[in-house]
Amino acid sequence: METFDVAIAGAGLIGASIGFELAQAGLRVAIFDRRQPGEGASWAAAGILSPAPENAATISMVPLGRASLALYPEFVATLQEISGRDVGYRAKGTLQALLSGEVQAKLNTIVALHHGLGLRAEPLSADDARELEPALSSELEAAVLRPDEASVDNRALTRAVAIAAAQAGVKLFAGRPVQAIRQDGGRCTGLIVDGEKIEARWTVIAAGCYSAEIEGAANYAPVRAAKGQMIALRAENASIERVLWSEHVYLVPRNDGRIVAGATVEYVGFDKEITAGGLQKILNGAVEMAPALADAKIEETWAGLRPDSPDHLPIIGPTGLDGLLIATGHFRSGILLAPITARLIREWITTQSVSAADWTRFSPMRFVETGKGTNS
Ligand SMILES: Cc1cc2nc3c(=O)[nH]c(=O)nc-3n(C[C@H](O)[C@H](O)[C@H](O)COP(=O)(O)OP(=O)(O)OC[C@H]3O[C@@H](n4cnc5c(N)ncnc54)[C@H](O)[C@@H]3O)c2cc1C
């Protein structure tokens with residue numbers, strides 16, 4: 001039987017970032033993925049790094065998001081140095097476009113909400129916004145600039161993390177599905193992978209939206225899949241510098257000139273089909289916000305499955321079973337939250353304490369205690 005300090009289920013951005021951080025701390029780490037590393041949600045994402053809350057339910061995540069965004073420059077620099085790969089990090093801010101409705105009231109609410117949460121947000125007139133981003137529609141009424149936000153090429157980042165993890169000594173096993181956690185004498189003692197017993201002092205479940213399928217993990221990680229359809233555009237006559245948001249869509253420019261547009265949020269099980277309705281919604285929103293995109297070439301369409309938890313907040317930390325930790329449920333923010341998740345899990349495993357005061361609100365035990373531990 002192979003023995004490790006830490007066995008991780010899932011080599012997406014979350015599992016690989018945790019493995020990398022633990023290996024750098026000197027632990028012997030193995031990561032098992034049922035496919036190739038980084039072909040799940042981490043590949044499919046848009047790569048926006050925004051700690052701003054999308055709705056009231058995610059306000060409690062803002063401090064975690066801010067902490068993770070602050071770690072990003074160093075995270076990227078370390079990964080680029082070790083992997084030798086550029087990860088397309090762009091610290092250029094985000095612009096939220098207001099196109100209709102009670103614009104002045106919306107503007108005041110958005111700015112006040114952000115300031116109340118310690119996030120920088122500047123109101124802009126339509127003219128000032130179009131000076132920054134000339135591709136914005138002439139129908140634009142006002143905008144909010146969030147200068148501290150950033151984006152990253154999540155596909156490149158996920159590859160770089162896997163390379164850096166391997167170089168730091170992590171053993172990455174592709175094509176090795178995890179079936180169950182191992183339990184012995186009231187503690188978790190590793191994983192069952194393809195029928196083989198893997199022994200580890202610590203076990204981390206980071207299998208994204210499939211985490212609840214792993215026997216023994218469902219009570220602590222009751223996630224379900226939230227499908228997101230995406231489109232990559234290339235435009236000769238429209239250039240975009242910052243991430244642009246409207247009520248219906250976001251546009252994320254990449255260093256190679258592509259503009260990634262997304263995304264739908266659909267609860268349709270593990271289905272990853274691209275649909276006419278999904279693409280229509282994204283394209284309508286994209287052209288409404290930046291009309292010149294009507295002439296853009298469609299380079300690629302795809303869909304991915306976000307790991308969503310019952311309260312839409314991430315699930316990070318130790319469980320009631322000694323030795324078992326969960327790191328999933330990052331929903332729409334897993335790219336943003338990868339560095340802080342890796343840090344918290346590393347801190348817990350190496351010192352049994354963490355630097356984030358409020359991490360218990362993300363505890364896997366919240367579902368067990370409230371009886372919401374089944375994913376119906
Ligand atoms: C369309 C879309 C847009 C998004 N945009 C953003 C964004 O702009 N910003 C942001 O921060 N976040 C975004 N997200 C969310 C982000 O992508 C996810 O939260 C994050 O990638 C989750 O990472 P993960 O490693 O947990 O999951 P994944 O990347 O899905 O990785 C899970 C891994 O586990 C493996 N696995 C599954 N089951 C098993 C098993 N039984 N045994 C072994 N391995 C297994 C899978 O093969 C996979 O490699 C987006 C997601 C989508 C789908």
Side-chain angles (χ1 to χ4, degrees), residues 1-24 27-45 47 75 78-80 82-85 87 152-182 188-217 221 223 225 270 272 300 302-307 324-328 330 334-335 338 341-342 345-346 349:
M1 191 190 328
E2 288 212 66
T3 302
F4 300 93
D5 295 322
V6 188
I8 301 175
L13 182 61
I14 297 296
S17 299
I18 293 169
F20 173 57
E21 178 122 2
L22 287 168
Q24 285 203 311
L27 280 84
R28 287 177 309 116
V29 182
I31 311 182
F32 301 90
D33 200 289
R34 60 181 193 160
R35 299 174 56 181
Q36 292 298 314
E39 290 184 348
S42 305
W43 174 88
F75 183 57
T78 307
L79 288 171
Q80 291 190 157
I82 297 181
S83 70
R85 303 256 182 146
V87 302
V152 69
D153 180 341
N154 45 282
R155 294 181 183 178
L157 178 73
T158 305
R159 265 196 310 275
V161 175
I163 292 169
Q167 290 192 6
V170 172
K171 286 199 171 175
L172 266 167
F173 297 93
R176 302 289 310 276
V178 174
Q179 282 131 4
I181 57 163
R182 292 180 62 218
C188 178
T189 54
L191 293 168
I192 307 284
V193 181
D194 242 350
E196 188 191 341
K197 290 179 185 166
I198 305 293
E199 186 166 321
R201 166 69 186 93
W202 301 97
T203 300
V204 183
I205 302 300
C209 69
Y210 300 96
S211 297
E213 310 268 291
I214 294 173
E215 206 184 308
V223 284
F270 295 116
K272 285 207 271 184
E300 190 186 346
W302 68 94
L305 302 175
R306 311 171 183 91
L324 178 66
L325 290 96
I326 307 293
T328 189
H330 295 79
I335 308 301
T341 302
I345 296 286
R346 190 257 298 155
I349 285 179

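Only this structure's heavy atoms are used, side chains among them; waters, hydrogens and symmetry mates stay out. This chain uses plain numbering: 1 for the first residue, then up along the sequence.
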Interatomic distance, [X] atom [atom1] to [Y] atom [atom2] [nearest 0.5 angstrom]:
X: N154; Y: S42; atom1: CG; atom2: OG; value: 7.5 Å
X: S17; Y: I335; atom1: OG; atom2: CD1; value: 8.5 Å
X: L79; Y: R85; atom1: CG; atom2: CZ; value: 12.0 Å
X: T328; Y: I205; atom1: OG1; atom2: CD1; value: 9.5 Å
X: I31; Y: I8; atom1: CD1; atom2: CD1; value: 4.5 Å
X: I181; Y: E215; atom1: CD1; atom2: CD; value: 8.5 Å

Using the side chain to side chain contact (heavy atoms under 4.5 Å, CB included) rule, take Q36 and W43 through it: C-alpha gap first, then chi angles, then the decisive distance, then the call. CA-CA 11 Å; Q36 292 298 314; W43 174 88; over 6 Å; no
With the threshold set at 4.0 Å, does a side-chain nitrogen-carboxylate oxygen contact exist between D5 and R28? yes
Would you name the heavy atoms of [X] and [Y] that are closest together and state the gap between them?
X: V170; Y: A23; answer: CG2-CB, 3.6 Å
X: A30; Y: F173; answer: CB-CE1, 3.9 Å
X: Q80; Y: V87; answer: OE1-N, 2.9 Å
X: G175; Y: D194; answer: O-OD2, 4.1 Å
X: A166; Y: L172; answer: CB-CD1, 4.4 Å
X: A168; Y: Q24; answer: CB-CG, 4.4 Å

Once side-chain hydrogen bond (donor to acceptor under 3.5 Å, both in side chains) is applied, do any residues pair with E300, and if so which ones, sequence neighbours excluded? R155, R258
Is a donor on one side and an acceptor on the other found under 3.5 Å between the side chain of R346 and the backbone of E21?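 No, the answer is negative, given that no donor and acceptor are paired below the 3.5 Å cut-off.
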Answer whether the closest heavy-atom distance between the side chains of [X] and [Y] falls below 4.5 Å.
X: L13; Y: L157; answer: yes
X: W202; Y: L324; answer: no
X: V6; Y: T203; answer: no

Show your reasoning for whether side chain to side chain contact (heavy atoms under 4.5 Å, CB included) applies to V223 and Y210. CA-CA 7 Å; V223 284; Y210 300 96; over 6 Å; no
Suppose the criterion is side-chain hydrogen bond (donor to acceptor under 3.5 Å, both in side chains): which pairs have a residue in residues 158-181, not counting sequence neighbours?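 Checked against side-chain hydrogen bond (donor to acceptor under 3.5 Å, both in side chains) - neighbours excluded - the pairs reaching residues 158-181 are R176-E196.
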Determine, stepwise, if the pair F75 / V152 fulfils side chain to side chain contact (heavy atoms under 4.5 Å, CB included). CA-CA 12 Å; F75 183 57; V152 69; over 6 Å; no
On the six-membered ring of F4, is R201 placed so that its NZ or CZ lies under 6.0 angstrom from the centre and within 45° of the ring axis?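 Checked: cation-pi criterion not met.
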Side chain to side chain contact (heavy atoms under 4.5 Å, CB included) partners for A207, two or more places apart: S211, I214
